[in-house]
2 protein chains.
Amino acid sequence: MSILAVGTVAFDSIDTPFGSADRVLGGSASYLTLAARHFCEDVRLVGVVGGDFPDEYRRTLADGGVDLEGLEVEEDGETFFWHGEYHYDMNERDTLDTQLNVLASFEPDLPGSYLDSDIVCLGNLEPGIQRDVLDQVDDPEFVMADTMNYWIENTPDSLRTTLSQVDCFVINDAEARELADEPNLVRAASLIRDMGPETLIIKKGEHGALLFTDHSVFSAPAYPLDDIQDPTGAGDAFAGGLAGHLYQSGGLDPEALRRGVIYGSVMASFVVQRYGPDKLLDLTRTDITERARSFRELAAIPTLVPLDKQLA
Amino acid sequence: MSILAVGTVAFDSIDTPFGSADRVLGGSASYLTLAARHFCEDVRLVGVVGGDFPDEYRRTLADGGVDLEGLEVEEDGETFFWHGEYHYDMNERDTLDTQLNVLASFEPDLPGSYLDSDIVCLGNLEPGIQRDVLDQVDDPEFVMADTMNYWIENTPDSLRTTLSQVDCFVINDAEARELADEPNLVRAASLIRDMGPETLIIKKGEHGALLFTDHSVFSAPAYPLDDIQDPTGAGDAFAGGLAGHLYQSGGLDPEALRRGVIYGSVMASFVVQRYGPDKLLDLTRTDITERARSFRELAAIPTLVPLDKQLA
């Protein structure tokens, strides 16, 4: 059993009102695979970097146990670069610079050893590239995808085609409203599920996440942290924890999905406590288990007595 | 046992992108008392209206079972008027007009029958008026208070004095950040609790609420609704449901507070489904009990297996 993730591998420069980081290891595939690796021995990365990608960052991914056979190196090109700035409340950010570089001409060609992957995670990329990857995998059991406002606005038809092939779609609340052209999140969720994905997860940053399935709606809290340093990558680590737990549970029943959202939230909560994905390397399974337990305590509603029996 | 609530009784005009309402019954005391009345037989209102306040609106409150002995009528004055406009996503609003009218010279003088009130709810008002009310009550068991950005900015010292006399403070997330001058909500909560209130509840609208006590943090979801018509009064109905449940449980232990936050969220979820407080009059105890059960299902995290035991 294995997890394949395609996405960006990047240099991130990050400014917050409280500090900054310059050209740290970033990208959706980096965060996703390093998070998933805590749950699954066989995590495969598909992406591209330039000749400027340092050995140190390659070692970070390799030390995290990620299979890098599918990480192409364009020796003459430069690695994807993103520069973002977070606002005072750390919930909103502006993109100051994006340099696609080697990503502009990326045509993924999967190694033969990747073709039997069971869970496929399509990180935020041009929807056509997401399908290029998916089409090469033999017979995946479960397909997850992310996207961003840029593809919603500029390649809506291609995005719809990708969505029709996806089991679980994971986006944030602003993207959900924009994609569905509907301000009410519950109605937006229904409209998006009609586009294909049986399962929809809407990430709300510091407000947690909502899981929509045929069976129910699940509202997961976010972990209350007093030391948020850098929210970059939290959504990708979320996807990694979710995919990792689904791999482990071996089933896609409603309870596994709920637990998966919690493990995703756990991984995201660790990521925001430090710049870059380093924190994901230091984590132990005990750390993860303990924080998941804290989520249960955080959200626990005591047994309710029916109101009819309460009034004196 | 009894609940006393002081706050505004108002005409509200409400514009949303999807409809509007003109001069409906509003005000913090109206929503709070009508919500609390479902949990408590003896709910007392302190407030002031003008000679223009119609019999119809007085009957709405009386039919809801609210004790109106403490509702002063200034025959020569006009009732407090608020005009607000909600944005497309219904989460943010602008105040278009506020006419204090009779509220500008309000000096609450409690009826003798109110002096033995057990739970006192200080709705959003000038902090000095909140204390005027509190000082008249003999020996309240539990004091809750709300406020708004206007008092945080214009009467900070008076607000601090009120806060030092309050057991439970209920505000929204933007107000918490402003009052504490701290963008991180967890740190803001700690700073606000240092100002006096042992219990702090931060309301986050469509994102639920956070309960901070010595013991723990509790994250309550918001009910996912596809028919939000008018968010006005939701925060006050929340306070009413919370006060009502605390009255019923007869104790202030952590579990009662958690359940209180859920019953508050239940009452808020009903209010937003219609303009004005009318929906609160039609509710049955079965409606309330069933929605409270739905909250438990919405937030239920299945038992987690320790990660150490999961890996194949």
Side-chain angles (χ1 to χ4, degrees), chain A residues 1 17 38-41 87-90 177 183-187 189-190 204 206-208 210 212 216-222 224-228 245 248-249 254-256 258-259 261-263 285-286 288-289 292-293 295-308 310-312, chain B residues 1 17 38-41 87-90 177 183-187 189-190 204 206-208 210 212 216-222 224-228 245 248-249 254-256 258-259 261-263 285-286 288-289 292-293 295-308 310-312:
Chain A
M1 284 282 283
H38 286 278
F39 302 80
C40 173
E41 308 252 331
H87 297 194
Y88 186 60
D89 68 2
M90 301 291 260
R177 289 188 161 107
N184 180 285
L185 269 191
V186 179
R187 284 200 297 265
S190 178
K204 302 193 298 175
E206 69 157 357
H207 301 301
L210 294 170
F212 295 88
S216 69
V217 184
F218 170 53
S219 175
L225 292 165
D226 63 6
D227 60 345
I228 296 174
H245 177 72
Q248 287 212 320
S249 67
E255 293 212 337
R258 284 191 177 215
R259 282 192 307 259
V261 168
I262 294 303
Y263 281 111
R285 289 181 184 163
T286 305
I288 296 169
T289 299
R293 282 208 188 100
F295 268 85
R296 284 196 91 213
E297 286 166 28
L298 175 67
I301 302 175
T303 308
L304 301 165
V305 181
L307 208 61
D308 296 303
Q310 286 190 338
L311 261 194
Chain B
M1 285 281 284
H38 286 278
F39 302 80
C40 173
E41 308 252 331
H87 298 195
Y88 185 61
D89 68 0
M90 302 290 261
R177 289 188 162 107
N184 180 284
L185 269 190
V186 178
R187 284 201 298 264
S190 177
K204 303 192 297 175
E206 69 156 357
H207 301 302
L210 294 170
F212 295 88
S216 69
V217 183
F218 170 53
S219 175
L225 291 165
D226 62 7
D227 60 345
I228 297 174
H245 177 72
Q248 287 212 321
S249 66
E255 293 213 337
R258 285 191 177 214
R259 282 192 307 260
V261 168
I262 294 302
Y263 281 112
R285 288 180 186 164
T286 305
I288 296 169
T289 299
R293 282 207 189 102
F295 268 84
R296 283 196 91 211
E297 286 166 27
L298 174 68
I301 302 175
T303 309
L304 301 165
V305 181
L307 208 60
D308 295 304
Q310 286 191 338
L311 262 194

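Chain letters run A, B, ... following the sequence lines, proteins first, then strands; residues in each count from 1.
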With rounding to the nearest 0.5 Å, note down the distance linking NE2 in His38(A) to OG1 in Thr289(A).
11.5 Å
Could you tell me the separation between the CD atom of Gln248(B) and the CE atom of Met1(B), rounded to the nearest 0.5 Å?
10.0 Å
Under a 4.5 Å heavy-atom cut-off, does chain A meet the side chain of Glu206(B), its backbone, both or neither?
both
Chain A contact via Leu210(B) - side chain, backbone, both or neither, heavy atoms under 4.5 Å:
neither
Okay, Thr303(B) and chain A: the region with an atom under 4.5 Å from a heavy atom over there is both
Would you mind telling me which of Lys204(A), Met90(A), His87(A) has the largest number of heavy-atom pairs within less than 4.5 Å of chain B?
Lys204(A)
One option among Ala300(A), Ala256(A), Ser190(A) has the most heavy-atom pairs under 4.5 Å with chain B, and it is Ala300(A)
Contact class of Asp226(B) relative to chain A, heavy atoms under 4.5 angstrom
both
Main-chain N/O of Ile301(A) paired to Arg296(B) side chain as donor or acceptor, under 3.5 Å:
yes
So for Leu298(B), is it side chain, backbone, both, or neither that comes closer than 4.5 Å to the heavy atoms of chain A?
both
Go through the atoms of Arg293(B) and report whether side chain, backbone, both or neither lie under 4.5 Å from a heavy atom of chain A.
both
Residue, of Pro224(A), Pro221(A), Ala220(A), that accumulates the most heavy atom pairs under 4.5 Å with chain B
Pro224(A)
side-chain contact (heavy atoms from CB on, under 4.5 Å) for Glu297(B) and Ser216(A)? Distances and angles first, verdict last.
CA-CA 9 Å; Glu297(B) 286 166 27; Ser216(A) 69; over 6 Å; no
